[in-house]
Amino acid sequence: MKIAYLLTHGYHPQDIIALTFTKKAATEMQQRIQQIVGPAPARRLWMGTFHSLFCRILRREASRLGFRSDFTIYDQSDSRSLIKTIIKEMELDDKIYKPNSVQAQISNAKNNLITPGMYSANKELLSYDIRSKRPKLHIIYQNYWNRCFQAGAMDFDDLLVYTNILFRDHPDVLEFYQQYFSYVLVDEYQDTNRAQHLIVEQLAAKHCHLCVVGDDAQSIYSFRGANIHNILDMQHKIPDTKLFKLEQNYRSTQNIVDAANSLIAKNKDQIHKTIFSEKDRGSKLILTGTYSDLEESYQVAGRVQTLHDDQGYRYRDIAILYRTNAQSRTLEEALRKRNILYRIYGGLSFYQRKEIKDIISYLRLITNPADEEAFKRVINYPARGIGQTTVNKVASIVATGKTFFEVCADPEAYQLDVNKGTSAKLRGFTALIQHFQELNAELNAYQLCERVITESGIKADLAQDITVEAISRRENVQELLSAIQTFTLGAVEEGREVKLVDFLADVSLSGDMEPEVHNADDDIKNSDYVSLMTIHSAKGLEFKNVFIVGIEENLLPSEMSLNEPGGLEEERRLLYVALTRAEENCYLSYAKSRFRNGKSEACKPSRFL
DNA sequence: TAACAAGACCCCGAG
DNA sequence: GGTCTTGTTA
């Protein structure tokens with residue numbers, strides 16, 4: 001509404017930057033604005049997630065930071081794999097330096113804008129690492145930082161870190177964007193971390209037109225470094241700040257609001273608010289306990305069907321929310337049995353699948369030959385007789401500042417210790433990529449991708465695979481091709497010039513393309529489906545009917561949260577978020593046994609119930 | 001070096 | 001339940 005208001009009061013769409021956290025919330029908001037002001041102005045708004053919008057800015061300004069504008073974006077698995085490599089190269093024990101926790105610690109540092117240099121100079125951090133028996137962590141961090149730079153790559157956290165560095169070191173750039181965006185809006189401000197907070201503050205410093213919305217009771221991203229004080233201290237830090245308390249809930253019935261209030265009242269750490277609803281009492285919340293997770297899913301699917309068939313709700317008025325992505329499977333199966341259309345958000349995305357990552361890696365390598373992770377992925381896929389031993393030899397030379405690609409293009413020049421045959425294979429591979437690079441200059445993304453699949457041998461490799469899974473892999477490859485096709489055509493329609501690099505950025509930041517609709521017999525049905533997602537990604541959304549499943553000890557609250565300070569309260573807020581997604585009906589359930597890690601485990605109803 | 005099998009470890013959440 | 005690692009063999 002605020003944006004719509006601004007647009008009718010003299011602001012142009014391109015003057016406004018509106019930031020959200022989840023992709024889901026961004027698309028939702030984009031759609032709402034489109035309905036109010038029409039598609040054309042809505043498209044010109046700077047609206048999206050922190051990561052996607054600042055990625056756009058970083059591409060424009062990349063040269064200021066020593067990056068190319070077509071830098072690669074490393075996803076978690078790329079970044080973890082690089083960290084693993086570094087730990088191995090430093091000959092450290094990966095039982096002590098667990099790649100996952102090293103990655104988490106680096107990410108944490110980045111979210112607080114601590115560069116490797118600052119890390120090494122920080123006595124507190126160093127002594128903490130020594131106490132936890134990981135004294136070399138700061139060196140891993142430094143190496144990781146350098147290697148990403150060398151590879152022309154940024155990880156997700158870097159998108160925020162480098163934006164801050166860009167603004168810090170280039171006042172003229174900062175000034176430009178300060179001038180450019182005359183209004184800054186942020187949704188769910190309670191979930192900003194230090195890096196995001198500083199960006200927002202700097203962008204808004206000139207016009208001082210900053211509007212943020214937030215609710216401390218819905219702060220659920222502390223694992224990502226979210227700092228609640230960003231919103232709490234705003235009044236004191238920025239002069240003339242006006243605070244509006246929104247205590248009326250226009251979404252939910254009184255019963256739902258009451259339930260949510262009574263839950264959140266148990267939290268010690270909160271700002272007191274009196275949330276009320278002027279809607280009807282509504283129906284009571286319904287709690288169901290079942291013997292197993294299978295039975296729970298079966299019940300939910302049954303109720304979904306009743307809501308749709310007997311009570312006249314559309315499927316799109318129904319959401320099923322869970323704590324972990326792993327819970328989606330049994331629900332999917334139950335819905336499928338009843339032929340209920342559903343969409344599943346998040347989880348293992350399409351682009352994480354092996355066959356897709358392989359193809360994407362070729363495309364990444366074509367746009368950025370320095371991309372180390374992409375290189376390692378496809379150097380021997382499809383198998384071309386270049387094994388681990390050879391790659392290790394190349395890696396030892398790469399450590400001196402060359403890229404994998406440079407070394408492989410001319411192994412002799414770098415005195416690589418391999419035989420003639422291997423050397424020829426390496427040169428053959430680089431020649432193949434160079435050939436694709438030439439094609440990239442004349443073909444569009446779709447045509448190029450088709451050539452890559454054929455000429456790399458991926459097509460042949462998949463074709464000769466006769467297992468059942470291979471069928472779905474081939475389908476996935478087709479799906480990827482049509483996604484590129486759609487992307488290319490869509491951009492052409494909007495009159496934008498589209499490059500391969502744009503598609504790749506879209507892939508790594510959107511996480512997933514439009515989730516596929518399951519059970520759809522024809523396209524007409526595609527607009528009506530049940531939504532399945534984690535509570536985290538449901539934030540900011542609303543549904544007439546909400547199912548919250550698996551409300552059990554060790555799941556909600558999650559077992560890991562219990563060891564973290566404030567963890568339990570955050571889990572409680574998480575359930576609060578889930579409850580307040582519901583407008584009319586809210587169904588809660590727990591199971592007494594559940595399949596986890598391949599085993600059936602006994603479960604108790606959550607203390608929150 | 002490739003292919004396959006057995007064992008280890010794991011996952012809480014998002015961009 | 002799945003992926004990733006390690007070991008064995010040709």
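Just so we're on the same page: letters track the sequence lines, and every chain starts at 1.
- Residue-level contact check: Ser561(A) touches neither bases nor backbone, having no heavy atom under 4.0 Å from any strand.
- Within a 6.0 Å sphere centred on NZ of Lys592(A), other residues, nucleotides and ligands contribute more than 12 heavy atoms.
- There is no side-chain donor-acceptor pair under 3.5 Å between Tyr362(A) and Arg377(A).
- No N or O donor and acceptor, one from the side chain of Asn597(A) and one from the base of dG2(C), sit under 3.5 Å apart.
- Checking dG15(B), dC12(B), dG13(B) against every side-chain atom of Phe156(A), the shortest atom distance belongs to dG15(B).
- Taking atom CZ on Arg80(A) and atom C1' on dC4(C), their separation rounds to 10 Å, with Å as the unit.
- Atom NZ of Lys24(A) and atom C1' of dA14(B) are 14 Å apart (whole Å).
- Arg329(A) comes within contact range of the sugar-phosphate backbone alone, with a heavy-atom separation under 4.0 Å but no base atom that close.
- Across all strands shown, Glu564(A) has heavy atoms under 4.0 Å from base atoms, whether or not it also approaches the sugar-phosphate.
- Within residues 218-229 of chain A, the residues having any heavy atom closer than 4.0 Å to DNA chain B are, in order of number, Tyr221(A), Phe223(A), Arg224(A).
- Taking for each of Arg323(A) and His51(A) the nucleotide of DNA chain B with the nearest heavy atom, the 5'-most of the two is the partner of Arg323(A).
- Comparing dC9(B), dG15(B), dG13(B) by their nearest atom to the side chain of Thr22(A) picks out dG15(B).
- Rounding to whole angstrom units, CD of residue Gln388(A) and C1' of dT5(C) are separated by 12 Å.
- Place Thr534(A) and Thr390(A) on DNA chain B by their nearest nucleotides, and Thr390(A) ends up nearer the 5' end.
- Separating the CD atom of Gln103(A) from the P atom of dC11(B) is a distance of 10 Å, rounded to the nearest angstrom.
- Per the geometry, NZ belonging to Lys425(A) stands 8 Å off P belonging to dT1(B), to the nearest Å.
- For the pair Ile548(A) and Cys586(A), the minimum side-chain heavy-atom distance is below 4.5 Å.
- No contact: Phe50(A) has no heavy atom under 4.0 Å from any strand.
- A side-chain donor from one of Tyr189(A) and His197(A) sits under 3.5 Å from a side-chain acceptor of the other.
- Within 4.0 Å of Asn100(A), counting heavy atoms only, lie sugar-phosphate atoms of the nucleic acid but no base atom.
- Across the protein-nucleic acid pair, Arg573(A) atom CZ and dC12(B) atom P stand 19 Å apart, rounded to whole Å.
- The shortest distance between the side-chain N/O atoms of Ser52(A) and the OP1/OP2 oxygens of dG15(B) is not below 4.0 Å.
- Dashed line: the shortest gap from a side-chain N or O of Asn380(A) to OP1 or OP2 of dA2(B) is under 4.0 Å.
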- [ ] With side chain to side chain donor-acceptor pair (under 3.5 Å) as the test, would you mind laying out the steps for Ser328(A) and Asn325(A) before giving the verdict?
- [x] CA-CA 6 Å; Ser328(A) 69; Asn325(A) 282 307; over 6 Å; no

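- Counted within 6.0 Å of CZ on Arg224(A), heavy atoms from surrounding residues, nucleotides or ligands total more than 12; the atom is thus considered enclosed.
- Taking side-chain N and O atoms only, Thr49(A) has no distance below 4.0 Å to OP1 or OP2 of dA14(B).
- At dT1(B), one or more side-chain N or O atoms of Thr389(A) fall inside 4.0 Å of OP1 or OP2 (strictly under the cut-off).
- For the pair Ile535(A) CD1 and dA14(B) C1', the interatomic distance rounds to 14 Å; values are reported in whole Å.
- A sub-4.0 Å separation between OP1 or OP2 of dT5(C) and a side-chain N or O of Lys84(A) is present.
- With Tyr529(A) as the aromatic partner, Arg343(A) meets the cation-pi criteria of under 6.0 angstrom to the ring centre and within 45 degrees of the ring axis.
- For Ser537(A), counting side-chain heavy atoms from C-beta on, the closest listed nucleotide (dC11(B), dC12(B), dA14(B)) is dA14(B).
- dG1(C) atom P lies 10 Å from atom CG of Leu294(A), rounded to whole Å.
- OP1 or OP2 of dG13(B) lies within a sub-4.0 Å distance of a side-chain N or O belonging to Asn325(A).
- In this structure, the side chains of Leu588(A) and Val549(A) stay at 4.5 Å or more apart for every pair of heavy atoms.
- Counted within 6.0 Å of CG on Asn112(A), heavy atoms from surrounding residues, nucleotides or ligands total more than 12; the atom is thus considered enclosed.
- Across dG13(B) and dC4(C), the matching C1' atoms stand 22 Å from one another, rounded to whole Å.
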